[in-house]
Amino acid sequence: MTHALPPAPHDAVETDVVIIGAGPVGLFAVFELGLLDLRCHVIDVLDKPGGQCAELYPEKPIYDIPAWPVITGQDLVNRLLEQITPFAPTFHHQQLVEGLTRLDDGRWLVETDGGVKLAAPVVFIAAGGGSFTPKRPPLPGIEGFEGTSVFYAVRKRETFRGKDLVIAGGGDSALDWALALREEARSVTLVHHRDGFRAAPHSVAEMRAAVQAGQITLHIAKLAGLEGADGRLTGVRLENAAQGSFTVPADALLPFYGLTMKLGPIADFGLNLNENLIPVDTEAYETSRPGIFAIGDINTYPGKLKLILSGFHEAALAAQKAFRYARPEERLRFQYTTSSTTLQKRLNVA
């Protein structure tokens, strides 16, 4: 016995592609799909485009974007938004995708917790690692300091100007911000539980040179407690074998212990999953369900590299296959933006 697929609701908005996730890879997918004259609606749980780059690392420098020796996370997002302006995508912010249903005409119905309903032949999942929350140090009363003296991201460097700053962690974020904020802060203390770091070797070397120069204080210790009142820190208690318990002055604490990733409702979309990642083919980065593609950090395949530039490549190839679903009766002609007047008109440069 076969079961009929449901028809599209009358209140569903029709489009060519629904993109779940408005991070850099999702934004670049708008560009690649726009070149093929495919209309996009973009859904994201955050209140603005940019994903992790805008929410957690807007001022963090990125060094491996082609043609940009250095660019901040927010500047990268701004450039991508500028690039997709000709294609006028529709954004649905502060919306969590709760449902993904195959319709009787083969399209997909995407529904959000805010009542948005979209019907499209193609869905791109570009949700990074899914929903993400910073890992909180297990310190009593830390919640009372969050947002005023404890921060899990640097959104404005000026926030820390003239402050006594404690940064905890041993990865790239901790070292990068310890080095960057020494210019704004009155003092920077870096805390890590061991004298070994997971950051890039050049960052570790630069940090150790800054410690030698007296620009950063390094403590091999663990966080033991917070001192202060009414959401305002006065000090951070540390512990190690050599000194026991001691306190360092602090106006602000930045714990960089990474992120906890959760797929959320994506786990219920009926896709094959491998350790909370979505396996895809390497021809078009399509999932186990026809017309659904996964690009960026949320997918997995042999040789996968979690780099923004890899996600850009995946978006370009996925767009080519997406065209065949969205325009099955049209012939796809590969064209270059440098020579195609059609593409140049779509980009408003001709």
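Position 1 is the first residue of the sequence, and the numbers go up from there. What you see below is based on every heavy atom in this structure, not just the backbone, and it leaves out hydrogens, waters and symmetry mates.
Heavy-atom neighbours of Arg161 CZ from other residues, nucleotides or ligands within 6.0 Å: above the threshold of 12. Annotation: Arg333, atom CZ; neighbour count of heavy atoms from other residues, nucleotides and ligands within 6.0 Å does not exceed 12.
Remark: the backbone N or O of Leu175 is not paired with any side-chain donor or acceptor of Ser203 at under 3.5 angstrom. Gln344 places a side-chain N or O within donor-acceptor distance of the main-chain N or O of Thr338, the cut-off being under 3.5 Å. A side-chain donor-acceptor contact under 3.5 Å links Glu286 to the backbone of Gly291. Side-chain atoms of Ser340 do not come within 3.5 Å of backbone N or O of Thr337 as any donor-acceptor pair. A donor-acceptor pair is defined here as one N or O able to donate and one able to accept, closer than 3.5 Å; no such pair exists between the side chain of Asn348 and the backbone of Pro86.
In this structure, Leu38 and Val122 have side chains that are not in contact, with every pair of non-hydrogen atoms separated by 4.5 Å or more. By the 4.5 Å heavy-atom criterion applied to side chains, Val154 and Lys60 are not counted as neighbours. Contact annotation: the side chain of Leu347 approaches that of Phe31 to within less than 4.5 Å [non-hydrogen atoms, C-beta and beyond]. Cys40 is not listed as a side-chain neighbour of Phe87, based on a closest heavy-atom distance of 4.5 Å or more.
Taking the six-membered ring for Trp and thresholds of 30 and 60 degrees, His41 and His92 have nearly parallel ring planes, at less than 30 degrees apart. Using cut-offs of 30° and 60° for the angle between ring planes, the Tyr285 and His313 rings count as perpendicular.
A salt bridge links Arg136 with Glu143: the distance from a Lys NZ or Arg NE/NH1/NH2 to an Asp or Glu carboxylate oxygen falls below 4.0 Å.
The side-chain hydrogen bond (donor to acceptor under 3.5 Å, both in side chains) check on Arg198 picks up nothing, with sequence neighbours excluded. Residues that satisfy the side-chain hydrogen bond (donor to acceptor under 3.5 Å, both in side chains) test with Arg208, not counting sequence neighbours, are Asp195. Residues passing the salt bridge (charged side-chain N to carboxylate O under 4.0 Å, His left out) test with Lys48, sequence neighbours excluded: Glu55. Taking the side-chain hydrogen bond (donor to acceptor under 3.5 Å, both in side chains) definition, one finds that Thr85 meets it with nothing, sequence neighbours left out.
Between Glu14 and the choices Arg107, Arg39, Lys117, the salt bridge (charged side-chain N to carboxylate O under 4.0 Å, His left out) rule is met once, by Arg107.
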With salt bridge (charged side-chain N to carboxylate O under 4.0 Å, His left out) as the criterion, how do Arg182 and Glu206 come out once you've worked through the C-alpha distance, each side chain's angles and the decisive distance to 0.1 Å? CA-CA 12 Å; Arg182 58 185 162 161; Glu206 187 177 355; 3.1 Å; yes

For Asn78 and Glu82, what are the C-alpha separation, side-chain angles and deciding distance, and is it a side chain to side chain donor-acceptor pair (under 3.5 Å)? CA-CA 6 Å; Asn78 293 342; Glu82 180 183 354; over 6 Å; no

Check step by step if salt bridge (charged side-chain N to carboxylate O under 4.0 Å, His left out) holds for Glu314 and Lys304. CA-CA 11 Å; Glu314 294 161 12; Lys304 167 72 177 183; 2.9 Å; yes

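The stretch residues 329-350 participates, sequence neighbours left out, in these ring-ring contact (aromatic ring centres under 6.0 Å, His included) pairs: Phe334-Tyr336. Screening residues 218-245 for ring-ring contact (aromatic ring centres under 6.0 Å, His included), with sequence neighbours left out, gives His219-Phe246.
Asp64 CG to Ile71 CD1: the interatomic distance, rounded to the nearest 0.5 Å, is 11.5 Å.
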